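See structure below.
Chain identifiers are assigned alphabetically (A, B, ...) following the order of the sequence lines, protein sequences preceding nucleic acid strands; residue numbering begins at 1 within each chain. On a predicted model such as this, the values are computed, not experimentally measured, just so you know.
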Number of protein chains: 2
Amino acid sequence: MDIREIARRAKVSTATVSRTINRVPTVDPLLAKRVWRVVNELGYYPNRQARALVSGRSRIFGLIVSEITNPFFPEIVQSFEDLAVQHNYELLLTSTVHDPKRMEMSVRRMIERRVDGVAILTFGMEDSLIGDLRFRKVPLVFVDVGPRMPGVSNIRVQYQEGIREAVQHLAALRHTRIAFVSGPLALRSAVARKAAFEQSMQEIGLKVARELIIEGDHTMKGGMRALLELLSVRERPTAVLCSNDMTAIGVMREAFDYGIRVPEDLSLVGFDDIRMAQFMIPPLTTVQMSQTELANLAFQALLNHVESDSLSLKHKEYILHTTLVVRKSTAIAASSSAEEKAAKARRLVSRTA
Amino acid sequence: MDIREIARRAKVSTATVSRTINRVPTVDPLLAKRVWRVVNELGYYPNRQARALVSGRSRIFGLIVSEITNPFFPEIVQSFEDLAVQHNYELLLTSTVHDPKRMEMSVRRMIERRVDGVAILTFGMEDSLIGDLRFRKVPLVFVDVGPRMPGVSNIRVQYQEGIREAVQHLAALRHTRIAFVSGPLALRSAVARKAAFEQSMQEIGLKVARELIIEGDHTMKGGMRALLELLSVRERPTAVLCSNDMTAIGVMREAFDYGIRVPEDLSLVGFDDIRMAQFMIPPLTTVQMSQTELANLAFQALLNHVESDSLSLKHKEYILHTTLVVRKSTAIAASSSAEEKAAKARRLVSRTA
DNA sequence: CACATTTCAGAATACGTTTTCTAGCGTGTT
DNA sequence: AACACGCTAGAAAACGTATTCTGAAATGTG
């Protein structure tokens, strides 16, 4: 089932078969017809590894994520796959599961397969790890952070936009004591979100109370813990803004267990707009960071590097906007009248008892 | 950065370099040391496509799913990836998005990359489509269905087990009117689940009311529609068993909107045990079909076919058990006293008004 | 010590393509 | 009519590795 087999049967040379299959226009239509006929009869599929070997391009793009099970990623992977199919590329998916060893293996696997580019969507990938990729001039695209070098592009997420909208939204609902549950501050994206929150609060003239800023870890458990911490504060917040949706879901979950109603007693805003957000009860108001758009930008960035014959290996920046999606987890701030507080306390006691 | 470059610098032949890297024991330790030294100095990574070309195995396993965004799959993909890393394989992930054209492309891509085996986890893959794979003797593993042929294995899911447990669980909670929301009956797995439900009910001596069997579509919307339909029934069910978790989540969502409390007014059981199930409010009681286990079986099946040098291409069957996981969405059946019914009706009216 | 046998490194070939190079043929120009 | 040129198909080389084959050295045996 070679190209040679085809050549023999069509009584042409392998060169002609190759040219026919690759639709090189200079081949005689008559010969082409003969070739196609045999190709279809035999069900011949070209061998990609042989192609890659001689052409120097594998038509594979690597995609490195932290965990596929992180609900943020499936949409991205799906979109990336769609684009890959469209452009006749393959997707080499790799997950680091936050393990330095796995990160190293990811990079190694990408190189061994000679991928034509890598989109790095895992945060905390050390510069030293991507050294090998850079060394081999593999086009890269980073989200957020990333070195400003030829051959690597960045997608800058405009956290500020959406978070500002969220804060304004809450303020419009008369919330003044707004808490923020951050992500792990070792992540630059988490730091950026926190900074965006603080700046937005300042812009709008609200005080950010020190005790209302909690460091979470972007997991549901973290959100649950965060709410607990917030409950022990003297003057409780009436709204909580979370660094990602999973955290918000954790807060929601714990609030439910304590009889705190969302949004009546507590308004809640997430970040990311993962699928699950709209399935929650109540549906989560959140800042959308379009995963489809992100995948598009990443793919295009790689494609740009590859298609432009190494002339424009220039560093490029892409912008990913964020915007608030209002659903049902936010409402007018509960009045802080005495009865209300007493009622809230009662509910709390009855549950913990 | 060839193997030849290494050979030149280490002053040995390429054959020796190859043998060294592949840890063939017959190579002189002294030479091996020289080779490794150069390999490390230059940061040489072997070229997988060249290897694949000459060795005849690509060390790639294909994984075909219906949609990556279907919450059932991310866990599977992650587990499969883990195993792939462990066994020095690559994962070629492909999604069909229920599109016959995409299915065909999936198969084609698998063949062009010359994968060493394919796990088919999408339902509704036509036999004609896998013809090309079978023709090329690519090892296959199917879930549920699948032809009984040499070179292809099956993973049989024991739907009956878990569904029986679920029905028994509900019966023990004094439920007698139990509804079932099926998946699309074009899917064999959906049919199997429905049949398992009916048999379990019969076993335990409960009547399956014709009007309490609704055909859903395995989506949240489908679940919402199903509940609506169930609400219009003369004598309403006190419990609903769903063919998958997304359906159950839809039911839960719609119930919330109608003021029907889960589990107080309505007990709810799902199927699959996707991650999200435990995050719901209340956490969903569901029949677990371990995605990790599924991935393990699939990978092992492929590995068996590949490792055993084409001698045992025998058809093999693997069993995947299912079991009930009790959480918070099921409770004692609401008594059907007159007041209760009236109260339920009132709540319903007040919401729809 | 001579010869047979084993061991191991290197030369050469193969894997399935793409692509460069070459040669033949037809066409157009003077 | 002779010559130059463009066009296209085939021959051959290349991509980077594994592996078979070959020969030389080392080892064992009588």
Partner residues of [X] under the side-chain hydrogen bond (donor to acceptor under 3.5 Å, both in side chains) criterion, sequence neighbours left out:
X	result
A/R108	A/E112
A/T20	none
B/S106	none
B/T122	B/T96

For the pair made of [atom1] in [X] and [atom2] in [N], what is the distance, rounded to whole Å?
X	N	atom1	atom2	answer
B/R8	C/dG10	CZ	C1'	15 Å
B/D28	D/dA26	CG	C1'	13 Å
B/I111	C/dT17	CD1	C1'	18 Å
B/I6	C/dA9	CD1	C1'	18 Å
B/R34	C/dA9	CZ	P	10 Å
B/L30	D/dA26	CG	C1'	17 Å

What residues, two or more places apart in sequence or in another chain, satisfy side-chain contact (heavy atoms from CB on, under 4.5 Å) together with [X]?
X	value
A/E67	A/T69, A/N70, A/V97, A/H98, B/Q78
B/D28	B/L30, B/L31
B/R114	A/Y45, A/N47, A/Q49, B/I111
B/S13	B/A15, B/T16

Side-chain N,O (B/T16) to OP1/OP2 (C/dG10) below 4.0 Å: yes
Contact letters for nucleotides 22-27 of chain C, in which S counts primed atoms plus P, OP1 and OP2 and B counts the base, heavy atoms under 4.0 Å: ------
Pair A/R275 + A/E75: basic N to acidic O under 4.0 Å: yes
Non-neighbouring partners of A/H87 that pass ring-ring contact (aromatic ring centres under 6.0 Å, His included), sequence neighbours left out: A/F299
Inter-axis angle, terminal five-pair segments of the helix from C/dC1-D/dG30 to C/dT30-D/dA1 [nearest 10°]: 50°
Check: B/L294 and B/V143 side chains under 4.5 Å, non-hydrogen atoms: yes
Polar pairs (N or O, both sides) under 3.5 Å between protein and nucleotides 16-18 of chain D?
unit_1: D/dG16; atom_1: OP2; unit_2: B/R4; atom_2: NH2; d: 3.4
unit_1: D/dT17; atom_1: OP1; unit_2: B/Y44; atom_2: OH; d: 2.5
unit_1: D/dT17; atom_1: OP1; unit_2: B/N47; atom_2: N; d: 3.0
unit_1: D/dT17; atom_1: OP2; unit_2: B/I3; atom_2: N; d: 2.5
unit_1: D/dT17; atom_1: O5'; unit_2: B/Y44; atom_2: OH; d: 3.4
unit_1: D/dA18; atom_1: OP1; unit_2: B/N22; atom_2: ND2; d: 3.1
unit_1: D/dA18; atom_1: OP1; unit_2: B/R51; atom_2: NE; d: 3.3
unit_1: D/dA18; atom_1: OP2; unit_2: B/S18; atom_2: OG; d: 2.5

